[in-house]
Structure formats: structure tokens, C-alpha cells
Amino acid sequence: MYFNPKYFSRLFHQVTGSYLSDYIHERRLSRAKEMLGYPQYKVHEVAAAIGCHSASIRRKTFGGRLSVKSRERCRATRTLSH
């Protein structure tokens, strides 16, 4: 089955009330936050895993919404819970 990308995006918005690009962005950030909770992952590895391969895209994706402080909080939370 094939959907025109614009049609699919419009249909997604009608059904969910959210824009497809916003949904994808939020899912990527959610996954990044999850991965940053594990100390073995470096920021650039997390960025690559969620599809942010260039530095400018990483800044746009992580900028302001997911900071190094968030990573430190994730690690502290993980340490306290174990």
C-alpha cells in the first residue's frame, strides 16, 4: 500500500491531533533521554542512533530540550535506584 507523504501526514494529523513531524521529533527525544540514562553511550552515539548525524541537526534536536544536565540527572537517578 502506498500513501502520498503529504496525504499521510494530513491523515495522521486528523486521526491523532498531532503533526507527524512533531510526533517523530518527540519519539526521538524520548529515545535519546532513555539512552542517555546509560553511561556507556556517548552523546554523539545517541544522536546517531536517533538519526541526527550532523552537528547542526544535533544542536536543533537536543538544543534546550535535552542538555548535558539532563544526562547528569539520568545518571544520578540510575545510580540512586541501584
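This is a predicted model, so every value here is computed, not measured.
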Quiz item: How many angstroms lie between atom CZ of Phe12 and atom OG of Ser21, to the nearest 0.5 angstrom?
Solution: 9.5 Å
Self-check item: Ring geometry between Tyr38 and Tyr41 (parallel below 30°, tilted from 30 to 60°, perpendicular above 60°)
Solution: perpendicular
Practice problem: Might you point out which heavy atoms bring Gln40 and Glu45 nearest each other, and give the distance in Å? | Solution: O-OE1, 3.5 Å
Practice problem: Quick one: sort the Tyr19 and His13 rings into parallel, tilted or perpendicular, breaks at 30° and 60°. | Solution: parallel
Quiz item: Would you say Leu11 and Leu20 are hydrophobically clustered, going by side-chain heavy atoms of ILVMFWY under 4.5 Å?
Solution: yes
Self-check item: Single-linkage hydrophobic cluster, 4.5 Å side-chain cutoff, Tyr23 and Ile50 together
Solution: no
